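The first residue of the sequence shown is numbered 1, and numbering continues consecutively from there. Order of appearance sets the numbers: ligands from 1, and atoms from 1 within every ligand. Being a predicted model, the structure only gives us computed values, none of them experimental.
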Amino acid sequence: MQAAEKFSFELCKETADWLLGHTKQRPQIAIVCGSGLGLLADNLKNQESFQYTDIPNFPHSTVPGHEGRLIFGELQGKPCVCMKGRFHLYEGYPLWKVTFPIRVFKLLGIKILLVTNAAGALEDSYHIGDFMVIRDHINLLGLAGQNPLLGPNEERFGARFPALSDAYDRKICALALQIARRLGYASFVKEGVYCMVGGPNFESIAEARLLHLLGADAVGMSTAAEVVVARHCGLRVFGLSLITNKVTKEYDAQEVVDHLHVLEVSQRQASVLQRFLTELVGQLEWIDSDPEDKETACQNGT
Ligand code: HPA
């Protein structure tokens, strides 16, 4: 990648200004909907929707299950914007393009980013249909030198060397787990470590064993790069994986994963995810608080 090819601050601003000029809504929460998990976006009130193809500079979704619309609206009375369809490295997009919407969100005034994804379970106690609150991630691509922040740093977004030891907001995680207990979801809402790989192939058995040994509980082809960029520009982050399959770690196992199966499980659990995140958004209290002040940013956080 040549740094000069990257979207500049000005291009991000051009996109944000275009959106701000086409809607009166001023969202404070952005939600990235993972594979087959767009139902949440359909249930926003007072929707205004933009096709990615109509938004200046926006990449286009090429994956089945990722529709390609940005939807503004309210969830529990709170102004949100949902990405129905995200971008992936395996589509051929460089990571700075995959994560471009996150910087646009920052310039729209977003304070909190909620990311969802479909993931395969590496941890044996996880079941298909479980949810995993992401406590932390392993950015395998980042460790190997594929990072969306490569190239000259744009100080207007953030510092050269962002910390990631607090990438996933602990207060929001605690609030989510508390909500899961209240909704009776505790038996299928877990907390764990997500590993991002490049895809598009699913893992070989040796790779699955390696990732599990490294400490990953679930694996997928998104999210960590978006989170790196979000933390670089100071957004607070909450991540939720839907476990759509168990990743095979044994040579005599019969199951073989495919994308259709991933979408089927997502669609089956989409309404549960919707209820869970709707409750969470309803209890996030951020608008009048300093975004850096994690003590006051959630109600009921423990
Ligand atoms: N591996 C990688 N990505 C995935 C998987 C998986 O098993 N399931 C859903 N996304």
Side-chain angles (χ1 to χ4, degrees), residues 31-40 61-67 83-93 95 98-99 114-144 146 188-228 239-270 272-273 276-277:
I31 304 170
V32 180
C33 302
S35 293
L37 297 172
L39 186 68
L40 188 74
S61 280
T62 66
V63 189
H66 286 266
E67 201 180 292
M83 266 184 89
K84 202 169 175 187
R86 60 146 61 86
F87 311 112
H88 305 84
L89 186 79
Y90 64 73
E91 292 175 86
Y93 293 124
L95 287 176
V98 165
T99 56
L114 308 184
V115 271
T116 66
N117 58 52
L122 296 160
E123 162 54 38
D124 295 323
S125 64
Y126 289 4
H127 299 105
I128 293 174
D130 282 354
F131 291 93
M132 184 185 84
V133 169
I134 304 179
R135 184 196 305 135
D136 199 354
H137 72 217
I138 297 173
N139 180 10
L140 210 59
L141 305 174
L143 293 176
Q146 273 260 30
F188 61 86
V189 174
K190 317 283 167 69
E191 191 183 10
V193 174
Y194 175 89
C195 179
M196 178 180 179
V197 294
N201 60 277
F202 293 105
E203 294 65 43
S204 72
I205 289 171
E207 287 165 351
R209 289 179 174 186
L210 171 74
L211 298 181
H212 194 217
L213 272 175
L214 289 178
D217 298 302
V219 55
M221 304 173 195
S222 68
T223 300
E226 294 156 343
V227 171
V228 166
L240 189 67
S241 297
L242 168 62
I243 302 300
T244 54
N245 57 287
K246 292 188 68 111
V247 182
T248 309
K249 299 202 298 290
E250 302 304 329
Y251 285 101
D252 57 3
Q254 298 300 312
E255 312 92 65
V256 176
V257 62
D258 68 56
H259 185 61
L260 276 182
H261 172 80
V262 167
L263 286 182
E264 254 172 52
V265 176
S266 297
Q267 273 144 22
R268 221 182 316 136
Q269 287 295 77
V272 181
L273 178 109
F276 189 18
L277 284 190

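Ser61 places no side-chain N or O within donor-acceptor distance of the main-chain N or O of Glu67, the cut-off being under 3.5 Å. In this structure, the side chain of Lys246 engages the main chain of Asp124 through a donor-acceptor pair within 3.5 Å. Between the side chain of Lys84 and the main chain of Cys33, no donor-acceptor pair closer than 3.5 Å is present.
Contact check on Glu250 versus Arg209 returns a salt bridge, with a Lys/Arg side-chain nitrogen under 4.0 Å from an Asp/Glu carboxylate oxygen.
Note on ring orientation: taking the six-membered ring where Trp is involved, the planes of Phe131 and Phe276 are perpendicular (angle over 60°, cut-offs 30° and 60°).
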Does ligand 1 have any N/O pairs with the protein under 3.5 Å, and how far apart?
{"from": "ligand 1", "atom 1": "1 (N)", "to": "Glu203", "atom 2": "OE1", "distance (Å)": "2.7"}
{"from": "ligand 1", "atom 1": "1 (N)", "to": "Glu203", "atom 2": "OE2", "distance (Å)": "3.3"}
{"from": "ligand 1", "atom 1": "7 (O)", "to": "Asn245", "atom 2": "ND2", "distance (Å)": "2.9"}
{"from": "ligand 1", "atom 1": "8 (N)", "to": "Gly120", "atom 2": "N", "distance (Å)": "3.3"}
{"from": "ligand 1", "atom 1": "8 (N)", "to": "Asn245", "atom 2": "OD1", "distance (Å)": "2.7"}
{"from": "ligand 1", "atom 1": "10 (N)", "to": "Ala118", "atom 2": "O", "distance (Å)": "3.4"}

Using a 3.5 Å cut-off and no angle test, enumerate the donor-acceptor pairs between side-chain atoms of residues 192-203 and protein atoms at least two apart in sequence or in another chain.
{"from": "Tyr194", "atom 1": "OH", "to": "Met221", "atom 2": "N", "distance (Å)": "3.4"}
{"from": "Tyr194", "atom 1": "OH", "to": "Ser222", "atom 2": "N", "distance (Å)": "3.2"}
{"from": "Tyr194", "atom 1": "OH", "to": "Ser222", "atom 2": "O", "distance (Å)": "3.1"}

